[in-house]
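Worksheet: the structure to be examined is printed underneath.
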Amino acid sequence: MRIDVVTIFPSYLAPLREALLGRAIDRGLIEVAVHDLRDWTHDVHQAVDDSPYGGGPGMVMKPQVWGEALDSVIGPVIDSPARLVVPTPAGRPFTQQLAHEWTSAERLVFACGRYEGIDQRVVDHYAQRMPVDEVSIGDYVLVGGEVAVLVMVEAVVRLLPGVLGNPRSAAEDSFSDGLLEGPAYTRPEVWRDLPVPPVLRSGDHAAVDRWRRDRALERTARLRPDLLAALPPDALDEADRAV
Ligand SMILES: COC(=O)c1ccnc(N)c1
């Protein structure tokens with residue numbers, strides 16, 4: 001998978017080259033290129049924004065600059081294998097399911113908006129030619145889309161084959177079965193008078209699996225009842241319903 005990010009703050013994306021993601025790049029599992037939007041300006045001030053039509057606070061990012069940058073980064077959009085992703089609080093929710101969907105994309109191109117966002121015609125123009133997703137990582141507003149790109153890239157790349165040491169990790173994620181993950185424990189057996197639940201040391205794998213499922217169901221019911229409500233009818237068996 002190739003990932004391109006267009007931003008006015010390239011250094012914000014430095015963490016993409018650290019740790020797990022950095023190793024995925026070194027191993028050739030992904031390619032990452034970060035582009036400075038100002039490289040496509042032609043004025044001495046390298047202006048990337050202007051006042052909003054209709055008035056109102058803040059500034060809007062100029063369509064011309066974005067058009068030149070995205071044309072250059074995406075290349076010929078006819079049958080482009082790329083998806084254009086625009087992080088915005090006004091977008092569809094970014095979810096584990098969307099992360100999984102994006103793992104099949106050959107290319108992800110992220111357009112990082114700042115200020116009051118990017119002139120809508122940029123999305124409208126490219127949406128006529130390729131898949132464009134306006135995506136939110138949660139119901140809150142950031143200063144720019146760069147942090148959201150870090151979140152989304154990590155969520156997607158960790159799902160790619162070979163990236164995680166143990167593929168079971170991604171398969172057993174929170175949300176992988178529609179539930180939140182239950183609690184996890186490691187040594188010591190007792191810490192500050194708090195013991196590890198005995199079933200986890202029993203060696204009875206069936207009992208451990210049941211215990212973990214019960215804790216996941218309890219946690220989901222307590223913290224995210226909406227996830228329980230969204231489960232397909234056959235997702236819970238009789239034992240689940242007894243929790
Ligand atoms: C400027 O971008 C944002 O404020 C943003 C992007 C993605 N998700 C959000 N919740 C906010």
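Positions are given from 1 along the sequence. Indexing begins at 1, ligand by ligand and atom by atom, following the structure's order. Just the heavy atoms: all of them, side chains too, but no hydrogens, waters or symmetry mates, feed the values below.
- Side-chain atoms of Ser72 do not come within 3.5 Å of backbone N or O of Glu68 as any donor-acceptor pair.
- Arg215 forms a cation-pi arrangement with Trp211, by the criterion of a distance under 6.0 Å to the ring centre and an angle within 45° of the ring axis.
- For the residue pair Glu146 and Ile8, the shortest heavy atom distance occurs at OE2-N, 4.1 Å.
- Taking the centre and axis of the six-membered ring of Tyr12, the NZ or CZ atom of Arg114 falls inside the cone set by 45° and 6.0 Å.
- At a heavy-atom distance under 4.0 Å, no atom of Asp139 approaches ligand 1.
- The shortest contact between atom 1 (C) of ligand 1 and any protein heavy atom is with Gly144 C, 3.4 Å.
- Distances below 4.0 Å separate heavy atoms of Gly145 from the following atoms of ligand 1: 1 (C), 2 (O).
- In plain terms, the two heavy atoms of His35 and Asp4 that are nearest each other are NE2-OD1, 2.7 Å.
- Atom 9 (C) of ligand 1 has Tyr140 O, 3.6 Å as its closest protein atom, hydrogens excluded (heavy atom only).
- When only interatomic distances are considered, the shortest N/O to N/O separation between Gly138 and ligand 1 falls below 3.5 Å.
- Residue contact check: Pro89 has heavy atoms under 4.0 Å from atoms 2 (O), 3 (C), 4 (O), 5 (C), 6 (C), 9 (C), 11 (C) of ligand 1.
- Side-chain contact between Leu180 and Leu223: present, with at least one pair of heavy atoms (C-beta onward) separated by less than 4.5 Å.
- If you look at Ser136 next to ligand 1, the close heavy atoms, those under 4.0 Å, come from the backbone and the side chain alike.
- Ring-centre distance between Tyr126 and Trp66: not below the 6.0 Å cut-off.
- Protein heavy atom at the shortest distance from atom 6 (C) of ligand 1 is Thr88 N, 3.4 Å.
- Across all non-hydrogen atoms, the minimal contact from Pro63 to Val122 is CA-CG2, 3.7 Å.
- Against a heavy-atom cut-off of under 4.0 Å, Val135 is close to the following atoms of ligand 1: 7 (C).
- Considering only non-hydrogen protein atoms, atom 4 (O) of ligand 1 sits nearest to Leu142 N, 2.8 Å.
- The nearest heavy-atom contact from the protein to atom 8 (N) of ligand 1 is Ile137 N, 2.9 Å.
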